Amino acid sequence: MDRLSQLHIPTLRNDPADAEAPSHRLLVRGGYVRQVGAGLFSFLPLGWRVHQKVVQIIREEMNAIGAQEMLAPLLAPAELWQESGRYDIPEVFGLKDRHGRDFVLSMTHEETMTFHARELGSYRQLPQLWYHFQVKGRDEVRPRAGLLRVREFVMKDSYSFDRDEAGLEASYWKHAGAYRKMFERCGLRFYECEGDVGLMGGEVAHEYLAPCPAGENEIALCENGDYAANVEAAKSVPSAPGFPERLDAPQEVATPDIRTIEEVSEFLSIDPRATAKAMPVVGPDGQLVLGLLRGDHRLHELKAAALLGGEFRPAHPEEIEQAFGASGGSLGPVGVKLRVIADEALRTGQFVSGANRDGFHLLGVEAGRDYECEFADIREVMDGDSCIHCGGRITVEPAIEIGNIFKLGTRYSDPLHAVYLDESGKEQAIVMGCYGIGPGRVVAAAIEQNHDGNKILWPRSLAPYDVEIVALQGAGENLLAIAEEIGAELSDAGLEVLLDDREARPGEKFADADLIGAPLRITVGKKTLEDGAVDLRLLASGEDRRVPAAEAAAQAAELLA
RNA sequence: CGGGGCGUGGCGCAGCCUGGUAGCGCGCCUGCUUUGGGAGCAGGAAGUCCCCGGUUCGAAUCCGGGCGCCCCGACCA
């Protein structure tokens, strides 16, 4: 049993000025964390208790799939990262020692773990599954939202070493299973989505996304629960436009001073979904390309970049004028001598597009008949689309990535030469996977998903304490002794108990209890003690149950069971 | 890196435009009263006004430069 009078839990009466996201606000107000610099946080004792609960859940599930816990150093010699080719990633924190030797603060530990995997010489020693909880350093472009995006954080990262793809497949899906269990145990609402391979490099990846308003990813969800994907990779069926009457050939109409899709659709009384917008861009090869999207859709930059073979930029007004003979608001695909990439949504139907003549648009423009193009998926999934599996309605929600799993293949074992000898004595590259989770993000996501403004409604598994006993001092008789007795009983029953034994006013104690968020609160005060009773309250429901003091511990245990 | 905002006791802020005594609320310390949702009275401690330079008799305030932090757009656990 911990006594609040002796702990360092610096709760704040006001919201800190620099915190906006609910998790950030509540973590600072509740005395869980303090910011040291941009993206740099200390976990104070209360916050560390919660963090360690997450860590322990992860540890148990990792051990359950046969993973071995170890610890690799945070610093790594630069050469190792030069060998893997990651040394030049801008997010890598580099530093020198006193002799001028270069090091990096590892942002993940593929290099170091692969270094150790070089000691695996034989197929007899495979597979292996190693993990550690270690600090990662990242020179983030922009830290934000408290714990959601920081420059230094603890990560559980594990690495699998297999002799072939089949082995990797098994290791990979073992992790997927373990991850689902962990996040369920942490009380999170989450989705396993196919993801982008990103910075780590590799083949296949899934990411675990927890919906929350402060999240910085977007997740597309089917209302029937059979589809969830990061918007970066999501596919969907667009909603159907209401087309006007079919025309045998495009028909030019004057649209004076009409430039945007909204203006066009309003001026012509036409469904914006029955319009096409032209987006001239300059690809990595310097060539002008015309991207064509349905009026209500947004260009998906990653998809487009992949198609164009790299970064692209919008064309400048002079380039547009030269190529189209018209300016931005009146462009269309008809008659242009450029590579035209049209989104799949434009494959069938007749659309309104710019006429390549300022102040005019064309009605009834049809792909194939009126212009030539290649079709591709270059649009972003949006609210109101339909699920590709069941046709259900798709919604797009913000979410935070709390974990991911990657099939690395030989991305690291090749350059770092981590090989083994197979049965025939032939040298083979070890096939690897890597798997990460940020406990700090799990903590933040749990709050984002479970709070009511002033209360943190911790899932039982993450709450820093199971029970908080609020002793309302007041008259100062043997009230504290009774509170301690109840606490001792609960402790003996295996519960984690916090006793607020401070000399403070009731309102202050209740407010702090809301922030500390123990699922069960027991109030011991003069008012009820006159009848020999105390109040039990489940924080989430807010209802008090008055019970005789002697039965408090038993009833509490029952309520929490 | 671009755009916007902020920097004054532990926390939240005013003062700055129009230079001259550093202020308010909360918190903290002492005493008395109070005690079921952030109390009352009395007394008290605590601030290089982000930093450097300039203007001035005099700078929190005006000018120049720098730094830090937050928020909005391209990356990730």
Side-chain angles (χ1 to χ4, degrees), chain A residues 10-21 24 28-29 31 34-40 54 58 89-92 107-109 133-136 138-158 179 183 195-200 205 207-210 214-217 230 232 301-302 305 311 313 400-406 434-445 454-455 470-476 479 502-515 521 523-530 533-535 537 542 544 546:
Chain A
T11 56
L12 264 31
R13 188 167 184 157
N14 318 72
D15 279 333
D18 57 3
E20 284 194 0
H24 187 193
V28 174
R29 268 196 69 192
R34 283 293 183 267
Q35 180 161 350
V36 179
L40 302 174
V54 176
I58 295 171
I89 295 175
E91 283 186 316
V92 172
M107 49 188 276
T108 54
H109 280 76
F133 292 92
Q134 174 62 296
V135 170
K136 310 296 170 196
R138 290 188 189 178
D139 195 354
E140 289 287 352
V141 183
R142 181 158 103 83
R144 63 174 285 277
L147 256 30
L148 287 183
R149 185 175 199 76
V150 292
R151 295 197 289 182
E152 188 187 303
F153 61 98
V154 172
M155 173 160 69
K156 183 290 297 176
D157 43 327
S158 44
Y179 273 33
F183 298 134
D196 193 63
V197 290
L199 275 187
M200 304 304 148
E207 46 196 20
Y208 293 80
L209 295 170
E216 35 190 21
N217 291 74
N230 191 321
E232 288 179 6
E301 300 205 3
L302 280 169
E311 295 277 301
R313 61 166 174 85
I400 187 73
E401 184 177 357
I402 50 178
N404 63 23
I405 57 180
F406 284 93
C434 73
Y435 317 89
I437 294 184
R441 272 198 182 171
V442 171
V443 170
N454 293 315
K455 293 193 193 72
V470 176
L472 299 174
Q473 301 279 33
L479 188 151
R502 296 173 303 175
E503 290 202 32
R505 304 188 50 84
E508 187 180 347
K509 293 191 168 203
F510 290 138
D512 282 353
D514 290 341
L515 288 167
R521 188 182 85 190
T523 305
V524 181
K526 191 171 71 169
K527 195 171 97 185
T528 57
L529 227 42
E530 282 165 1
V534 300
D535 283 334
R537 170 184 291 195
D544 279 323
R546 190 154 299 172

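The structure displayed is predicted, hence computed values, not measured ones. A, B, ... follow the sequence lines: proteins, then strands. Residue 1 opens every chain.
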Item to check | Under 3.5 Å: donor-acceptor pair, side chain of A:Thr528, backbone of A:Ala533 | outcome: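 Yes; judged by distance alone, with no hydrogens or angles, the pair exists.
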Checklist entry - Do A:Asn217 and B:C76 have a side chain to base donor-acceptor pair shorter than 3.5 Å? => result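 Checked by distance alone, the answer is yes.
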Between [X] ([atom1]) and [N] ([atom2]), how many Å, whole number?
X        : N     : atom1 : atom2 : answer
A:Leu12  : B:G25 : CG    : P     : 19 Å
A:His24  : B:C70 : NE2   : P     : 8 Å
A:Leu209 : B:C76 : CG    : C1'   : 11 Å
A:Glu503 : B:U34 : CD    : P     : 14 Å
A:Glu140 : B:C76 : CD    : C1'   : 6 Å
A:Ile400 : B:A77 : CD1   : C1'   : 8 Å
A:Leu40  : B:G68 : CG    : C1'   : 12 Å
A:Ile437 : B:C76 : CD1   : C1'   : 15 Å

How would you label the contact of [X] with the nucleic acid (heavy atoms, under 4.0 Å): base, sugar-phosphate, or nothing?
X        : result
A:Arg546 : nothing
A:Ala445 : nothing
A:Arg521 : base
A:Ala38  : sugar-phosphate
A:Gly525 : base

Of all the nucleotides listed ([options]), which has the minimum atom distance to the side chain of [X]?
X        : options             : result
A:Thr528 : B:G36, B:C13, B:C1  : B:G36
A:Arg144 : B:A77, B:C71, B:G36 : B:C71
A:Asp18  : B:A77, B:C69, B:G36 : B:C69
A:Met155 : B:G12, B:C69, B:A77 : B:A77

Next on the checklist: Just verifying a value: how many Å separate A:Arg502 CZ and A:Asp512 CG, rounded to the nearest 0.5 Å?
Outcome noted: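 One gets 4.5 Å once the value is rounded to the nearest 0.5 Å.
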Checklist entry - Can you tell me how far NE2 of A:His24 sits from CD of A:Gln35, rounded to the nearest 0.5 angstrom? => result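 Nearest 0.5 Å value for the CD-NE2 distance: 5.5 Å.
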Checklist entry - Does A:Arg521 reach the side chain of A:Val470, with side-chain heavy atoms less than 4.5 Å apart? => result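 A side-chain contact under 4.5 Å exists here.
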Taking a pair as Watson-Crick or G-U wobble with both distances under 3.5 Å, which nucleotide is matched to [N]?
N     : result
B:C6  : B:G68
B:C76 : none
B:C57 : B:G20
B:U30 : B:A42

Residues forming a salt bridge (Lys or Arg N to Asp or Glu O under 4.0 Å) with [X], sequence neighbours excluded:
X        : answer
A:Arg441 : A:Glu216
A:Arg142 : none
A:Arg29  : A:Asp15
A:Lys509 : A:Asp500

Item to check | B:C50 versus B:G12 - spacing of their P atoms, nearest Å | outcome: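 These two P atoms come out 14 Å apart once rounded.
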Checklist entry - On a whole-Å scale, what distance lies between the C1' atoms belonging to B:C62 and B:U55? => result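 Roughly 8 Å separates the two C1' atoms.
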Next on the checklist: Less than 4.0 angstrom between a side-chain N/O of A:Arg505 and OP1 or OP2 of B:A39, yes or no?
Outcome noted: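 Yes.
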Checklist entry - B:C72 phosphate, OP1 or OP2: any side-chain N/O from A:Arg142 under 4.0 angstrom? => result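 Affirmative; the distance criterion is met.
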Item to check | Given RNA chain B, 5'-ward residue of the pair A:Ala19 and A:Asp535, judged by closest heavy atom | outcome: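 Nearest nucleotide further toward 5': that of A:Asp535.
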Next on the checklist: If you assign A:Val154 and A:Asp15 each to the RNA chain B nucleotide with the nearest heavy atom, which residue ends up on the more 5' nucleotide?
Outcome noted: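 Its nearest nucleotide being more 5', the pick is A:Asp15.
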Checklist entry - Hey, is A:Phe153 doing a stacking thing with B:A77, by the 5.5 Å centroid and 30° angle criteria? => result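 So A:Phe153 counts as stacking on the base.
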What's touching nucleotides 26-31 of chain B from the protein side, N or O pairs under 3.5 Å?
from: B:C26; atom 1: O3'; to: A:Arg13; atom 2: NH1; distance (Å): 3.2

Checklist entry - Which residues satisfy the ring pair (Phe, Tyr, Trp, His ring centres under 6.0 Å) test with A:Tyr435, sequence neighbours excluded? => result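 By the ring pair (Phe, Tyr, Trp, His ring centres under 6.0 Å) rule, A:Tyr435 matches A:His175.
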